[in-house]
Amino acid sequence: HRPGVHVPGMRHDNGGGVRYDAYASVQARYSAVGQAADAQQVELVGERTAPLDALRAAHYLTLGLNGFHTRGGVRYAARSLAWGLERAQPGAAANGSVPQGAAGVSCRLRGGVEWQDRVVASNTVLSGRYTGLQGQWRCAAPDGGLWQVSGQWGRERARDASRPGGDQVQTGLRGTRLWPARQWAPAAWVSAGDLQLDAEYSRSSDRVGYSPLLESGRIRQVDRWALRAELQQRQGPNTQWLWGVEWLHQRSNLSLFSVRSVGPYVALRAVW
């Protein structure tokens, strides 16, 4: 999955406070190590946001489709539905105050519920249905700066009772900060592009033992940390080059599921 903050590809406001957003993404990854790691991903997201005057807030409804395929044979698809409330606070910073020079900063607080149908077509016994809670705090400044914190908690129920590990409890926390070039780079380097940092932590815990062949059926727990640094260089009104490095550390009490990696990436983003 490409890191970063998703920007709506299309937005429509009907003039009465109802807003429609749509986003589409097609991504491909190629590995010099082996073709089995090559992957393609498609994502479609649509959202409707409408005001609730009595609560001085709005409610949102989000629909999503996601497909993932690797040359190694993994085929995964997910359908998602989310509903919740949103409250905007124009002129406030992330901590609720208005620091010097931050006039015009607008913040948005969200909270709601989410449902996903996750299908692993290449191994259907691994498929499941997820329900959970989600929250997000996002602030944007007129100069293009952005910071965001989001979290989620939920449970994925196995569609097949024989799935290794059974049901799974999942939690996650993510923080994102974007600095426009003029904020972080010397004047001579302003063409270096905007700088974005992402930090992410997630934990998953099975409800029953994963397998009697792995440490006598011990219940699996997985902790995952990811850090990303990315430069976003605008090449035109609708295109950007993305230059980044990603560090990943996944630790599990079952050593089979422990992973550690670090590596650079280059991508081209086009918006139309």
Side-chain angles (χ1 to χ4, degrees), residues 1-13 19-33 37-47 49 60 62-70 78 80 94 101-102 104-108 110 136-150 172 174-200 225-248 261-272:
H1 179 67
R2 279 283 310 113
V5 176
H6 288 171
V7 178
M10 294 185 293
R11 170 168 289 178
H12 172 71
D13 192 326
R19 187 181 73 236
Y20 297 89
D21 291 319
Y23 170 84
S25 173
V26 179
Q27 303 167 18
R29 181 179 64 196
Y30 301 97
S31 172
V33 177
D38 294 351
Q40 295 81 42
Q41 181 173 338
V42 177
E43 183 178 6
L44 301 173
V45 179
E47 183 174 276
T49 306
Y60 64 89
T62 306
L63 301 174
L65 294 173
N66 190 296
F68 182 79
H69 173 76
T70 72
S80 63
V105 173
S106 61
C107 295
R108 184 180 67 187
R110 279 189 166 193
Q136 182 188 90
W137 181 255
R138 175 186 175 113
C139 293
D143 61 7
L146 181 146
W147 48 100
Q148 175 178 298
V149 177
S150 60
R174 178 178 178 178
T176 298
R177 182 69 165 97
L178 176 68
W179 291 271
R182 57 184 173 276
Q183 286 189 358
W184 73 272
W189 293 4
V190 75
S191 61
D194 300 340
L195 174 64
Q196 179 171 303
L197 297 181
D198 287 277
E200 185 175 356
W225 295 266
L227 295 174
R228 307 179 192 94
E230 180 178 278
L231 284 177
Q232 303 176 356
Q233 292 182 316
R234 188 171 298 279
Q235 299 300 304
N238 301 315
T239 58
Q240 282 182 316
W241 279 107
L242 309 178
W243 310 82
V245 60
E246 181 177 31
W247 173 84
L248 171 68
S261 68
V262 62
Y265 62 87
V266 179
L268 178 65
R269 175 187 292 164
V271 179
W272 62 93

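Position 1 is the first residue of the sequence, and the numbers go up from there. We use all heavy atoms of the structure for the numbers below, so side chains are in, but hydrogens, waters and symmetry mates are not.
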Residue pair Q196, R228: steps toward the side-chain contact (heavy atoms from CB on, under 4.5 Å) verdict: CA-CA 8 Å; Q196 179 171 303; R228 307 179 192 94; over 6 Å; no

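To the nearest 0.5 Å, the span separating OG1 on T70 from CG on D38 amounts to 9.0 Å. In this structure, CG on D194 lies 11.5 Å from CH2 on W179, to the nearest 0.5 angstrom. How far CD of Q136 is from CZ of R108: 5.5 Å, rounded to the nearest 0.5 Å. Between the CG atom in L44 and the CG atom in L63 there is a gap of 11.0 Å [rounded to 0.5 Å]. The CZ atom of R138 sits 10.0 Å away from atom OG of S150, with the distance rounded to the nearest 0.5 Å.
The shortest side-chain heavy-atom distance between L242 and L231 does not fall under the 4.5 Å cut-off. Side-chain contact between R19 and Y60 is absent, with no heavy-atom pair separated by less than 4.5 Å.
Judged by distance alone, the side chains of Y23 and E43 never bring a donor and an acceptor atom under 3.5 Å apart. For Q148 and R174, the side-chain atoms include no donor-acceptor pair closer than 3.5 Å.
Residues satisfying the salt bridge (charged side-chain N to carboxylate O under 4.0 Å, His left out) criterion with R110, sequence neighbours excluded, are E47, E86. Applying the side-chain contact (heavy atoms from CB on, under 4.5 Å) test to D143 and every residue at least two apart in sequence or in another chain returns A141, P180, R182, Q183. Residues meeting the side-chain contact (heavy atoms from CB on, under 4.5 Å) test with A229, sequence neighbours left out: L197, V245.
In terms of heavy-atom proximity, V105 sits nearest to P142 at N-CD, 4.1 Å. Across all non-hydrogen atoms, the minimal contact from G193 to W184 is O-NE1, 2.9 Å. Shown here for W241 and A267, the closest heavy-atom pair between the two residues is CE3-O, 3.3 Å.
Proximity of a side-chain donor or acceptor of D198 to a complementary backbone N or O of L227 within less than 3.5 Å is not detected.
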